[in-house]
Q: 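Could you have a look at this structure, given as structure tokens, before my questions?
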Number of protein chains: 2
Amino acid sequence: MSTISEPLYRRVRKDIVECALTPGKSFSEAELGRLYHASRTPVREACRRLEHEGLVRIIPFRGYSIAPLSVAEFHDLQEMQLIFEPATAALAAERANQKELDEMRELATYEYNIEDKNSYHEFLQTNYQLHSLIAQSSKNKRLSDVVSNIHVRLMRFFYLGLSFESHGPTLVAEHISLVEAIRNRDIEQARHMATDHISKAIERSAKLLMGAIRFGEAVFEASPEMGDSQLARKYIVPRI
Amino acid sequence: MSTISEPLYRRVRKDIVECALTPGKSFSEAELGRLYHASRTPVREACRRLEHEGLVRIIPFRGYSIAPLSVAEFHDLQEMQLIFEPATAALAAERANQKELDEMRELATYEYNIEDKNSYHEFLQTNYQLHSLIAQSSKNKRLSDVVSNIHVRLMRFFYLGLSFESHGPTLVAEHISLVEAIRNRDIEQARHMATDHISKAIERSAKLLMGAIRFGEAVFEASPEMGDSQLARKYIVPRI
DNA sequence: AACAAGAAATCGGTATACCGAGTGTTGACG
DNA sequence: CGTCAACACTCGGTATACCGATTTCTTGTT
């Protein structure tokens with residue numbers, strides 16, 4: 001297959017996720033075309049797709065911008081994770097096949113070196129792959145697509161610097177417990193471990209966010225979409 | 001606002017949802033352009049959007065088709081409802097404002113006439129609006145978008161003839177209970193009523209599906225994506 | 001100096017010509 | 001009669017010219 005659109009889309013998406021393209025930055029079709037050596041048509045198409053995924057914003061008749069990061073979005077996405085991931089974990093415990101189970105263990109045990117900066121980015125990728133694989137194992141393609149998209153959108157925050165570097169070993173431990181529950185086909189335990197994992201991730205990032213808002217002001221949107229209360233938004237955790 | 005693309009997209013989507021465009025039917029850009037009096041560019045854009053929403057399929061370099069209906073998709077979508085709707089109901093119970101609460105009651109108490117065929121379609125619309133409103137009340141825009149999309153995709157099955165006509169009064173009763181729970185800000189009760197509502201909807205449609213598969217064979221995809229076991233797929237219901 | 005009207009520039013929206021990928025058909029050859 | 005290669009046809013992919021919406025800058029008036 002030799003289309004321009006598809007690889008272009010992937011490249012731009014990668015650059016947005018890794019924050020090589022600054023959140024909030026505005027641009028035009030021509031500009032992006034120059035950057036990636038493509039003409040308007042494929043650029044347009046890529047941008048439309050990215051808009052659907054929440055990575056690009058389109059202002060009709062005006063232009064485009066890389067979707068800004070906002071506290072509201074961060075909350076929304078994590079709230080969705082808290083709903084979806086326990087459910088997908090439960091389904092995965094029921095439906096994953098042996099190959100998937102083995103690959104999960106592989107991904108969960110990935111050790112990253114706290115000292116090495118590159119290793120952090122690799123960890124982000126591995127983390128993404130693990131959660132995607134669990135979602136895939138639910139054997140519900142539509143669900144799996146949604147969960148993957150949530151993760152992609154969240155990764156931007158972590159690439160930006162909302163780092164869980166210091167929590168590395170803890171995270172790995174949580175992943176291992178979750179995967180073991182799935183491997184044991186223990187549905188309720190899988191659901192429980194996922195809820196626990198996401199809840200803790202939310203707690204961990206809550207503190208970091210506070211600092212980052214001031215620190216990274218430039219890339220954080222002055223959210224018109226959220227009230228003051230949002231910072232202290234209450235998460236409705238499913239009882240397990 | 002004077003674009004061709006946007007209204008075109010809406011019209012095509014409406015026609016797909018209402019099955020005026022037959023599921024599985026293949027078509028070309030030019031053809032659709034002739035039908036809706038538009039040139040290729042806006043047609044292309046509309047089709048891309050519809051593909052993202054799962055209503056259209058694109059075969060690269062070959063053509064398009066209206067996304068076929070399959071038992072697998074039906075299951076996937078209902079499974080997602082079973083995960084999302086209880087969660088959005090719980091959030092709505094926490095966050096809906098007075099205006100939303102009032103409108104919910106309005107929509108929930110909509111009575112439809114079993115005799116009148118048109119009334120059934122109106123009911124489908126009202127049903128959609130109610131569920132969308134509940135999702136919106138979660139104040140999580142990304143979540144609300146996903147839930148709406150699921151509903152849109154499910155509506156095609158009901159427009160086709162997978163009817164819950166005979167269950168009218170029961171459905172209304174379930175809606176009223178759900179809305180009352182939300183109005184009382186009883187989070188766990190809202191979650192419970194939503195789970196109950198969706199579970200029953202799944203049960204009801206399971207029987208209908210069996211008949212419809214044979215009856216409407218033409219529009220049902222000979223699903224390569226599902227094994228035989230799928231018909232009897234076990235739903236992993238969250239404990240409540 | 002403030003402001004309003006209009007010109008110009010910018011940018012996406014749309015139409016369309018052209019190109020190359022994928023399929024099906026046909027006819028020559030074994 | 002079967003096989004396969006070349007060709008023609010169809011359709012989406014891409015490039016691009018043109019148009020209209022929107023904003024910005026300029027300029028003249030008060």
Side-chain angles (χ1 to χ4, degrees), chain A residues 1-16 20-68 145 221-222 224-225, chain B residues 1-16 20-68 145 221-222 224-225:
Chain A
M1 203 234 302
S2 60
T3 89
I4 297 179
S5 212
E6 175 69 21
L8 171 70
Y9 158 74
R10 273 202 279 262
R11 279 173 57 204
V12 177
R13 193 179 70 160
K14 178 170 180 293
D15 288 345
I16 294 178
L21 294 171
T22 313
K25 184 178 186 306
S26 62
F27 62 94
S28 72
E29 291 178 353
E31 218 175 313
L32 205 68
R34 245 174 282 125
L35 253 170
Y36 292 87
H37 307 289
S39 85
R40 278 185 66 200
T41 309
V43 165
R44 266 179 85 77
E45 187 174 321
C47 287
R48 302 283 161 169
R49 282 176 75 174
L50 292 164
E51 192 217 7
H52 256 284
E53 293 178 42
L55 296 178
V56 158
R57 282 194 182 177
I58 302 179
I59 305 138
F61 295 108
R62 283 294 298 153
Y64 299 77
S65 59
I66 309 293
D145 287 348
E221 182 179 36
E225 67 172 300
Chain B
M1 194 242 303
S2 58
T3 87
I4 297 180
S5 211
E6 176 67 22
L8 171 70
Y9 158 74
R10 270 201 281 263
R11 280 173 56 203
V12 177
R13 192 179 71 160
K14 179 171 179 290
D15 288 345
I16 294 178
L21 293 171
T22 313
K25 185 180 186 303
S26 62
F27 61 94
S28 72
E29 291 179 353
E31 219 174 312
L32 205 67
R34 246 174 281 126
L35 253 171
Y36 292 87
H37 306 288
S39 87
R40 278 185 64 199
T41 309
V43 165
R44 263 180 88 76
E45 188 175 319
C47 288
R48 301 284 161 167
R49 283 177 75 175
L50 291 165
E51 192 217 6
H52 257 283
E53 294 179 42
L55 296 178
V56 157
R57 282 194 180 176
I58 301 179
I59 305 138
F61 295 109
R62 283 297 296 156
Y64 299 77
S65 58
I66 309 294
D145 286 347
E221 183 178 36
E225 68 173 297

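Naming convention: chains lettered A, B, ... in sequence-line order (proteins, then strands); numbering from 1 in each chain.
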Q: For the helix from C:dA1-D:dT30 to C:dG30-D:dC1, what is the angle between the axes at its two ends, each from 5 pairs, rounded to 10°?
A: 10°
Q: Using whole Å, what does the distance between atom P of nucleotide C:dG12 and atom CD of A:E45 come to?
A: 16 Å
Q: When rounded to the nearest 0.5 angstrom, what is the spacing between CZ in B:R44 and CG in B:L8?
A: 13.5 Å
Q: Name the residue from B:I59, B:V43, B:I58 that meets the side-chain contact (heavy atoms from CB on, under 4.5 Å) definition with B:Y64.
A: B:I58
Q: Roughly how many Å is it from CD in A:E51 to P in C:dG12, rounded to a whole number?
A: 13 Å
Q: I'd like to check B:L32 versus B:C47 (side-chain heavy atoms, cut-off strictly below 4.5 Å). Are they in contact?
A: yes
Q: Salt bridge check, A:R49 against A:E53: does any charged N sit closer than 4.0 Å to a carboxylate O?
A: no
Q: With rounding to the nearest 0.5 angstrom, report the CD1 to CG distance, B:I16 to B:L55.
A: 5.0 Å
Q: Considering just the side-chain nitrogens and oxygens of B:S39, establish if one lies under 4.0 Å of OP1 or OP2 belonging to C:dA15.
A: yes
Q: Is there a donor-acceptor pair closer than 3.5 Å between any side-chain N or O of A:T22 and the backbone N or O of A:K25?
A: no
Q: Any heavy-atom pair between the side chains of A:S26 and A:R62 that's under 4.5 Å?
A: no
Q: Rounding to a whole Å, what distance do you find between A:I4:CD1 and D:dT16:C1'?
A: 13 Å
Q: Spell out protein contact along nucleotides 7-12 of chain D as letters: B when the base is contacted, S when just the sugar-phosphate is, - when no protein heavy atom is under 4.0 Å; keep the 5' to 3' order.
A: ----SB
Q: In whole angstrom, what separates A:E6's CD from D:dT14's P?
A: 10 Å
Q: We want to know whether A:E45 and A:Y9 form a side-chain donor-acceptor pair, criterion being a heavy-atom distance below 3.5 angstrom.
A: no
Q: Nearest-Å distance, CG (A:L8) to P (D:dA15)?
A: 10 Å
